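Read the numbers this way: they start at 1 and go in the same order the structure lists the ligands and their atoms. None of these values were measured; they are calculated from a predicted model. Only heavy atoms go into these numbers, but all of them, side chains included; no hydrogens, no water, no symmetry mates.
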Amino acid sequence: MYNEDEFLQLSGIQHFAFCRRQWALIHIEMQWKENLRTVEGQILHENAHNPEMNEKRGNVIVVRAMPVHSRKMGVSGECDVVEFHKSDKGAHINGREGVYMPVPVEYKRGEPKSNNIDILQLAAQALCLEEMFCTDINYGYIYYGETRHRLKVDFDDEIRNEVVKLFEEMHLYYRRGYTPKVKISKKCNACSLKDLCVPVLNKNKSVAEYIDKFISETGE
Ligand code: SF4
């Protein structure tokens with residue numbers, strides 16, 4: 001069980017699964033370069049996170065921007081949307097009759113990816129919700145802005161184990177303050193940090209050292 005001061009950011013799992021170095025730059029070295037891709041993503045998220053938009057649709061209660069955490073995995077974050085479906089199993093909700101099954105829904109700007117990083121993030125949210133509500137959650141959805149389609153995701157043992165393993169590894173990296181060295185590959189083309197990361201040709205230097213050196217050399 002982790003203490004709150006050890007919690008890592010849940011959404012970091014998508015960075016970590018994509019590239020260990022990208023995650024370390026963002027979450028250990030706190031370097032972040034905004035580009036169109038991330039800004040557009042934020043706009044879609046802002047809509048999903050608008051608390052005015054909370055609603056009840058028939059037997060479904062929709063809660064937006066719901067904070068979640070897991071002491072077992074040592075992570076905290078926020079679900080874009082959690083739908084509580086009236087069900088014969090699930091959790092009780094304050095002020096509501098009956099039992100509801102939490103179903104996480106994640107909003108993404110683009111289209112379904114060829115890797116499983118979005119699925120890992122959604123599964124991580126589901127594991128947090130399971131721990132918080134003491135219930136099993138078998139599925140969730142990812143809504144893709146480009147295709148305007150909701151993809152149903154089943155949480156099987158394989159994806160659950162992968163989430164747990166990745167968070168364990170992230171805690172190890174974080175405790176050691178370890179940023180892996182640059183390893184250029186095809187995925188660097190789609191990386192939002194490539195301008196910051198790839199110019200670091202001296203592979204023994206951290207990006208923070210690189211930026212310090214750059215500033216002292218240019219006098220900026
Ligand atoms: S540019 Fe490549 S090595 Fe650097 S953080 Fe991005 S994906 Fe990782």
Report summary line: The side chain to side chain contact (heavy atoms under 4.5 Å, CB included) partner of Tyr2 among His69, Met73, His171 is His171
Query raised in the report: Quick one: does His85's side chain have a donor or acceptor within less than 3.5 Å of a partner on Tyr100's backbone?
Result: no
Query raised in the report: Listing by chain and number, what protein N/O/S atoms are under 2.8 Å from atom 4 (Fe) of ligand 1?
Result: Cys197 SG
Query raised in the report: Val81 and Val62: which non-hydrogen atoms are nearest, and at how many Å?
Result: CG1-CG1, 3.8 Å
**Report entry** Gln121 side chain near Leu10 side chain, heavy-atom distance below 4.5 Å
**Finding:** yes
Query raised in the report: Applying the 4.5 Å side-chain criterion to the ILVMFWY set and letting contacts propagate, would Leu151 and Ile159 be lumped into a single cluster?
Result: yes
Query - Qualifying salt bridge (charged side-chain N to carboxylate O under 4.0 Å, His left out) pairs, either residue in residues 160-179, two or more places apart - result: Arg20-Glu169, Glu130-Arg160
